[in-house]
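In what follows, every chain begins at residue 1, and chains take the letters A, B, ... in the order their sequences are listed. These figures come from a predicted structure and were not determined experimentally.
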4 protein chains.
Amino acid sequence: MHQGRTGRPRSPEADAAILAATRQALVEVGWSRLTMGDVAARAGVAKTTLYRRWPGRNELVVDAVAVLFDELELPDLGTLSADVESVVRQFGALLDRPEAKTALMAVIAEATRDEELRRRIRTTIVDRQKRLVTAGRRRAEERGELPPPPGPEAAARDTDLVFDVVAGAVVHRTLVSAEPVDADWAHRLTQLILTGLTAQRAPGAGA
Amino acid sequence: MHQGRTGRPRSPEADAAILAATRQALVEVGWSRLTMGDVAARAGVAKTTLYRRWPGRNELVVDAVAVLFDELELPDLGTLSADVESVVRQFGALLDRPEAKTALMAVIAEATRDEELRRRIRTTIVDRQKRLVTAGRRRAEERGELPPPPGPEAAARDTDLVFDVVAGAVVHRTLVSAEPVDADWAHRLTQLILTGLTAQRAPGAGA
Amino acid sequence: MHQGRTGRPRSPEADAAILAATRQALVEVGWSRLTMGDVAARAGVAKTTLYRRWPGRNELVVDAVAVLFDELELPDLGTLSADVESVVRQFGALLDRPEAKTALMAVIAEATRDEELRRRIRTTIVDRQKRLVTAGRRRAEERGELPPPPGPEAAARDTDLVFDVVAGAVVHRTLVSAEPVDADWAHRLTQLILTGLTAQRAPGAGA
Amino acid sequence: MHQGRTGRPRSPEADAAILAATRQALVEVGWSRLTMGDVAARAGVAKTTLYRRWPGRNELVVDAVAVLFDELELPDLGTLSADVESVVRQFGALLDRPEAKTALMAVIAEATRDEELRRRIRTTIVDRQKRLVTAGRRRAEERGELPPPPGPEAAARDTDLVFDVVAGAVVHRTLVSAEPVDADWAHRLTQLILTGLTAQRAPGAGA
DNA sequence: TAGTAAGCGAGACGGTACGTCGAGTCTTAGA
DNA sequence: TCTAAGACTCGACGTACCGTCTCGCTTACTA
């Protein structure tokens, strides 16, 4: 009786080669012209090997791209403003890379009609960014830069709003307006949001 | 000797039928499963007629979707806050419709590697939205809700920033976070931005 | 009240230009790649004009080629043998020309499934050749080289047989065996047939 | 390291199914309306499978038709005359079948401008018939019905001539004159040729 | 140390859609 | 009514990928 794995194990190098080949192909030919056969050929692997590991093109591309977002991190630069500005610029730089830019938008587009894919994107990509917002808020509260939230519900709503505003603005500027996220723009975005947040919390100050 | 147009003129009904068929197909089968043959059949037109008028799928879809954005308008509700909030909710509602949602993202994705397509999107879709921001700012200045910009350069930069923030946030919430743009969220987004803008212009108040 | 033609008369030059263009196109691109649009363009004429005069490609090509066979003629060289040999060589030379070669076979092939086309070929091409055989036989009888036929039925049967043998052999050698109809071959074919015909009529001689 | 064949082998059933489907389609719709898609559908095979094995329609049809000519054979009926007459009638019967008739002529027509196709026809169809003539002559010489040829060159020339005459006459009668190759016609053709051959070889007899 | 089950490459398979081309028809303006 | 021009519908073309399916090896765990 068997309970463990039997047979030849899957080649671990293959996974890495395939994901790398996928990213390379994305940069060179773009999402819509990326073919499984091409990826397989670039990876020096048979098409069968791809399909043994991923259900299809979409899933393969999401996995290939997800790892790129791991490098985003919240530094501790002393002030909330500096911390946020840094993340904005990191994110802008990431979306400036063709493989991230192309893949992210295409996968989102594809996801609008595929609940399963949507779930995969949410878990492998989006949630990681959201943690940056949560961590930033917590650190700012510890520093006394932001008042503690009135309640857990309000805190969650604020987190989501800030997340959508920051991520959305960066994505929109990069992919739709096609303008660079330079130091000046990052600074002005950060100021707009933090001013908005702070002034709202201290309405009397502006009266 | 001829100097005028010769030959049978292109059927004007065909254009309308094709664009309508494209939108219908987008809703029913989604972007990635939309085929030129299917669109032609729905429109009661030969495939060649499509290719005589559009270079390919992407261009056809952009044109088919562009008209949807014509319906966005800046109402005059008496206050800047109410005006902005209205546009935010209109835009959210628009992106809630499958044909807009699907097509917009997919086309943007495709555009990341096609300068010509990018130009088409910029001119037929993006610029129309930007006019909403410009008009809103001008009206607010007339009402005295916002100070006149320090100079034309600063005004343009501000317009672009606000545009990226508003459009980006709405798009991100709708397509990535997959949450609805309801009245509450629209209100909070509007407050965040307007507070940020106003407080920045009167820095002494927040000090 | 009108009883004659009204409106603009058909251009007579167009007919000649179209037939010439058809022959030229046949030589250059062959039957299966010959297109109506191409013929129209070569003739400096609109496609409509072609379709107003011929029902389709096949009919046009038959008419264009038929005229080539008009040049075949039975000379009077003094002996039946010389006369026949001359016709064989004329026919061989005709089939050596690409437009005749290509068109003849293709049209025959097409005709195997189109009774109407078959009739057109029979009347415009085949019957003209048959008259050569009939004329040759009559002249030979006048010269006393061949005995008068036993009866009209036998004469018709003999004519058909000789026609199929001569025409068939020349066509087969040219188009299937792809060998030239040179003087030697024409002489040997003529001798075979005339010897056969003469010896049959004088069976006692071979006993 | 591999030295043998790799990959999935081609299905041998597919070949047979495709060729049979081609013959069936030829009979039903004729050459000019025969489409690769239709053949594929009839064979229960994908279009790509056809193109993987044959460069195009012409080559496919030649191969599909070639096997029909395999059934022609030279019987031993005791006399040269009877043997030849049998072959003539077999050939006539073969050309009476629509798939042979249509395909043969059409392919020959196409071949007039395609050297490669011409070669294929020569090797897969024509040469097989020529062997019938050679065998008939050899057998007749063994029986003493024909004198041995004066030399190898003359023998080859005679073989070619007889081949072109017999095949050409049968083809011409069937496809151009559109008359049946019945027993009477076959007999008269055979007599014409054999009389001509014999009388030529014994010129003194006829003097 | 010998089986054996899964992995592997290669490439053929049935499909679907592509974008193009030609056929034959129709619609305009002008001769 | 003819003409040239060119848009129209239709249908087949030959190609490209899809995702699946044999093949004949190769490899590493398990009996």
Side-chain angles (χ1 to χ4, degrees), chain A residues 1-11 14 33-41 43-57, chain B residues 1-11 14 32-38 40-41 44-53 55-57, chain C residues 2 5-11 14 32-41 43-57, chain D residues 1-11 13-14 32-38 40-41 43-53 55-57:
Chain A
M1 201 180 171
H2 319 147
Q3 76 277 9
R5 295 287 97 228
T6 160
R8 176 174 173 176
R10 290 189 178 166
S11 156
R33 289 183 186 45
L34 179 146
T35 71
M36 295 300 262
D38 183 32
V39 169
V45 139
K47 252 198 315 175
T48 336
T49 302
L50 266 66
Y51 283 105
R52 216 172 274 120
R53 293 157 197 238
W54 287 275
R57 234 166 47 129
Chain B
M1 206 180 170
H2 316 144
Q3 75 279 10
R5 294 292 98 230
T6 110
R8 176 172 173 177
R10 290 193 177 165
S11 157
S32 73
R33 296 217 202 331
L34 180 145
T35 70
M36 296 297 264
D38 183 33
V45 139
K47 238 190 335 168
T48 34
T49 299
L50 266 66
Y51 284 106
R52 214 174 277 123
R53 292 157 196 240
R57 239 169 38 138
Chain C
H2 316 148
R5 299 285 101 230
T6 160
R8 175 169 171 178
R10 288 189 178 166
S11 157
S32 73
R33 289 184 185 44
L34 179 146
T35 70
M36 295 300 261
D38 182 32
V39 169
V45 138
K47 255 200 309 176
T48 334
T49 303
L50 266 65
Y51 283 104
R52 216 172 276 122
R53 295 158 196 236
W54 287 274
R57 228 165 53 127
Chain D
M1 206 181 171
H2 315 144
Q3 76 278 8
R5 295 291 98 231
T6 101
R8 177 173 173 177
R10 291 195 177 163
S11 157
E13 293 93 2
S32 73
R33 298 219 202 326
L34 179 146
T35 71
M36 296 299 262
D38 181 33
V45 138
K47 239 191 334 169
T48 35
T49 300
L50 265 66
Y51 283 105
R52 217 173 273 123
R53 293 158 197 238
R57 241 168 37 136

**Q.** Closest nucleotide among F:dA5, E:dG11, E:dA10 to the B:T6 side chain
**A.** F:dA5
Q) Which heavy atom of B:S11 sits nearest a heavy atom of B:A14, and at what distance? A) OG-N, 3.2 Å
Q. In terms of the nearest nucleotide of DNA chain F, which residue is placed more toward the 5' end: B:A14 or D:G37?
A. B:A14
Q: For D:A46, enumerate each residue passing the side-chain contact (heavy atoms from CB on, under 4.5 Å) test, keeping only those at least two apart in sequence or located in another chain.
A: D:T48, D:T49
Q: Could you state the atom-to-atom distance from CZ of C:R33 to P of E:dG22 in whole Å?
A: 11 Å
(Q) Pick the closest DNA chain F nucleotide for D:G7 and for A:M36 by heavy atoms, then say which residue is nearer the 5' end. (A) A:M36
Q.
Could you report the tightest heavy-atom contact between A:R57 and A:L34, atom names first, then the distance?
A. NH1-O, 2.5 Å
(Q) Side chain of B:K47 only, heavy atoms from C-beta on: which candidate in F:dG19, F:dA12, E:dC26 is closest? (A) F:dA12
Q.
Under 3.5 Å, is there any donor-acceptor pair linking the side chain of D:R8 to the base of E:dC13?
A. no
Q) Is there a donor-acceptor contact under 3.5 Å from the side chain of B:R10 to the main chain of B:R52? A) yes
Q: Mind running a 4.0 Å heavy-atom check of residues 48-57 of chain A against DNA chain F and sending the residues that fall below it, in number order?
A: A:T48, A:Y51, A:R57
Q. Relative to the 5' end of DNA chain E, which residue comes earlier, C:L34 or D:P9, by the nucleotide with the nearest heavy atom?
A. D:P9
